[in-house]
S.K.: 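This is the structure I have questions about; it appears just below.
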Amino acid sequence: MDFSLSQDEKLFKDNIAEFCRKNIAPRWIEIDESGEVSPELVKQMADVGLIGMTLSEEYGGQNGRFVEAALAGEELAYHAPALSLAVLYLIQCSWPYIVQKYGSEDAKQEVLTKLCRGEAVIGIASTEAHGGSNVAGVLMKAEKIKEDRWRLNGQKSMVSLPTIIEKLPWGGGWVLIARTGEPAQQHKTITCFLPLMKKDGVRNEGITYKPWTEFARRGLDTSIIYFDNVELEDKYRVGDVNKGFKIAMEGFNLARTMIGAVCIGCARWLLDQGMEWIKNRNVFGKPISRYQGIYFKLADYWKELEAARLLCYKAAWIADRYYRDKDPHVKLGDVALWGAAAKLKCAGLAVDIGEDVMKWFGGAAYFKETPIFRAWLAAFSYVVGAEGTENIMRYIIGREVLGREYVE
Ligand SMILES: Cc1cc2nc3c(=O)[nH]c(=O)nc-3n(C[C@H](O)[C@H](O)[C@H](O)COP(=O)(O)OP(=O)(O)OC[C@H]3O[C@@H](n4cnc5c(N)ncnc54)[C@H](O)[C@@H]3O)c2cc1C
């Protein structure tokens, strides 16, 4: 067992950190304050391989392994802990990978090549107002209207990226989960599609959106999306008809693994801020780091962060064993298990560290001039729900560890 990074991995991580130090760290607060991610920045990220990291070279990607993608995600989040850029990055590591695995060659050549050039992005459109946790219960309808044509009607209640898609020169869309049969059949009548809200610079007028006002992670604009008689060719179907539930779950598994890495970067930044503060803040004549009430907590969090990082990198390694190395001993259920564990552990830890670091800052934490709250609330999005709630992660872990028959 070797816990050190290879020479190549170390060099890669250092290069990404250097890029982030120069180009991202000076802008992260401004991005979070304005809520705007510019197309130029997406292009810059693509130019250094940060968009399309896990995609094949055939489409212009980096062919990166998930462990490498996790290393880059941690650095990106560390240097921009309000997370909008890191989340944009992690979504592009996971959902386009699903399109690459299950999409038609035409759609891949059309969309993934633009994505790797930083001209398009792909998100996920799953959640509906009646309960995001119940993916098998989606009501959004996809009707086959001709041999090679579908029509979408319905709403998705929380979907990230529409404003970014609108601003990018080519555009993009979402892996969308839709009903292609009787709702009573639950997961057996679900199919994935790739509707494009903007394609070749032209907006699809049938897809409209109404943004929520996010209190953190700003720049990613999560919105309600309306699909009104949106027609699309069969080439934008992702995988077989009525097999979409499992395909979507694969996307969630990968995204959750990457969320773990991003939350590690966020937690590491928060802890570094806390350490600097307690070493330098003097109260009652000495630095507050000397009070056991403070440094015992710090010790606990240091230990938790190291443990969480191991869990998260193991999740990425499991994904690589399954997808890249085709290891017959690693099952899809393992990818689900470790991805859920990484998300549950790392997001919760980042929030816990954030809350205590806020307390170490005392009253100063409560003013916008102290940016800790931006990282704390960004990680909180992953505790309350983005890509699955904590209880759903616990359900997956329980199901994989105990067996489905013991939890359902
Ligand atoms: C910032 C942000 C960005 C998002 N971006 C996207 C996006 O791009 N695309 C997208 O599709 N969705 C997105 N979402 C939505 C997200 O996926 C959902 O919030 C999540 O799946 C939970 O759904 P819900 O909010 O409807 O909660 P609900 O499903 O209503 O759950 C409410 C509560 O009930 C609990 N619960 C539900 N079922 C069970 C159960 N069986 N056992 C125990 N407890 C249970 C949950 O854990 C939770 O605590 C985003 C959310 C946020 C906050």
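Numbering of ligands and ligand atoms starts at 1, following listing order. No experiment lies behind these values; they were computed from the predicted model shown. Heavy-atom basis, side chains included; hydrogens, waters and symmetry copies ignored.
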S.K.: Nearest protein heavy-atom contact for atom 15 (C) of ligand 1: which residue, which atom, what distance?
M.R.: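 Among all protein heavy atoms, the one nearest atom 15 (C) of ligand 1 is T127 OG1, 3.2 Å.
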
S.K.: Evaluate the side-chain hydrogen bond (donor to acceptor under 3.5 Å, both in side chains) criterion for residues Q44 and E40: first the C-alpha distance (whole Å), next the side-chain angles of each, then the deciding distance (0.1 Å), finally the verdict.
M.R.: CA-CA 6 Å; Q44 257 186 310; E40 293 73 29; over 6 Å; no

S.K.: Heavy-atom distance to atom 9 (N) of ligand 1: which of I124, V384, D221, N391 wins?
M.R.: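 Result: the heavy atom closest to atom 9 (N) of ligand 1 is in I124.
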
S.K.: If every non-hydrogen atom of A378 is compared with every non-hydrogen atom of A216, which pair is closest and at what distance?
M.R.: N-CB, 3.8 Å

S.K.: Would you say atom 42 (N) of ligand 1 makes contact with the protein, given that contact here means a non-hydrogen protein atom less than 4.0 Å away?
M.R.: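 It does not: no protein heavy atom is found less than 4.0 Å away from atom 42 (N) of ligand 1.
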
S.K.: Which atoms from ligand 1 have a heavy atom of V159 less than 4.0 Å away?
M.R.: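 With V159 as reference, the close atoms of ligand 1 come out as 7 (C), 8 (O), 9 (N).
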
S.K.: Distance to 0.1 Å, residue and atom name: give those for the protein heavy atom nearest to atom 38 (N) of ligand 1.
M.R.: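 For this ligand atom, the closest protein heavy atom is S133 CB, 4.0 Å.
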
S.K.: Which atoms of ligand 1 are found less than 4.0 Å from any heavy atom of S126?
M.R.: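 Answer for ligand 1: 10 (C), 11 (O).
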
S.K.: Could you tell me the residue and atom name of the protein heavy atom closest to atom 22 (C) of ligand 1, and the distance to it rounded to 0.1 Å?
M.R.: T389 CG2, 3.6 Å

S.K.: Atom CG in L88, atom CD1 in I51: separation rounded to 0.5 Å?
M.R.: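 L88 atom CG to I51 atom CD1 measures 4.5 Å (nearest 0.5 Å).
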
S.K.: Is atom 34 (O) of ligand 1 less than 4.0 angstrom from at least one protein heavy atom?
M.R.: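 No.
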
S.K.: For ligand 1, indicate whether the residue R217 contacts it via side chain, backbone, both or neither (heavy-atom separation under 4.0 Å).
M.R.: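 Under 4.0 Å from ligand 1, R217 contributes side-chain atoms alone.
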
S.K.: As an exercise, identify every atom of ligand 1 less than 4.0 angstrom from a heavy atom of G131.
M.R.: 26 (O), 29 (O)

S.K.: To check your reading of the model: name the closest protein heavy atom to atom 2 (C) of ligand 1, its residue, and the distance in Å.
M.R.: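 Looking only at protein heavy atoms, the one closest to atom 2 (C) of ligand 1 is A386 CB, 3.8 Å.
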
S.K.: Pick from Y102, Y323, Y59: which one makes a ring-ring contact (aromatic ring centres under 6.0 Å, His included) with Y97?
M.R.: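 Result: among Y102, Y323, Y59, Y323 is the only option passing the ring-ring contact (aromatic ring centres under 6.0 Å, His included) with Y97.
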
S.K.: Run the numbers on R268 and E75 for salt bridge (charged side-chain N to carboxylate O under 4.0 Å, His left out), then give the verdict.
M.R.: CA-CA 10 Å; R268 191 180 111 206; E75 289 311 311; 3.2 Å; yes

S.K.: Check the surroundings of atom NZ in K167: do more than 12 heavy atoms from other residues, nucleotides or ligands lie under 6.0 Å from it?
M.R.: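 More than 12 heavy atoms, drawn from other residues, nucleotides or ligands, come within 6.0 Å of this atom.
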
S.K.: Assess the pair F252 and W95: is the distance between their ring centroids shorter than 6.0 Å?
M.R.: yes

S.K.: Should the ring pair F361 and W277 be called parallel, tilted or perpendicular, given that the plane angle runs from 0 to 90° and is split at 30 and 60?
M.R.: parallel

S.K.: Could you tell me whether K246 and E250 have a side-chain N and a carboxylate O separated by less than 4.0 Å?
M.R.: no

S.K.: Hydrogens and angles aside, do D221 and Y209 bring a side-chain donor and acceptor to less than 3.5 Å of each other?
M.R.: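 No pair is found: no donor N or O on one side chain lies under 3.5 Å from an acceptor on the other.
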
S.K.: Starting from atom 23 (O) of ligand 1, locate the nearest protein heavy atom and write down its residue, its atom name and how far away it is, to 0.1 Å.
M.R.: G132 CA, 3.2 Å

S.K.: For ligand 1, which atoms, with element, lie under 4.0 Å from some heavy atom of E387?
M.R.: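 So the answer, numbered in order with elements, is 17 (O).
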
S.K.: What protein heavy atom is closest to atom 7 (C) of ligand 1, reported as residue, atom name and distance in Å?
M.R.: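 The answer is M158 O, 3.3 Å.
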
S.K.: Please work out, at 4.0 Å between heavy atoms, whether the side chain, the backbone, both, or neither of T222 comes within that distance of ligand 1.
M.R.: side chain

S.K.: Could you find the nearest protein heavy atom to atom 40 (C) of ligand 1 and give me its residue, atom name and distance?
M.R.: I392 CD1, 4.4 Å

S.K.: What residue and atom, counting heavy atoms only, is the protein's closest point to atom 20 (C) of ligand 1, and at what distance?
M.R.: G385 O, 3.4 Å

S.K.: Atom OG1 of T127 and atom CD of E387: how far apart are they, to the nearest 0.5 Å?
M.R.: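 Here the interatomic distance stands at 8.5 Å.
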
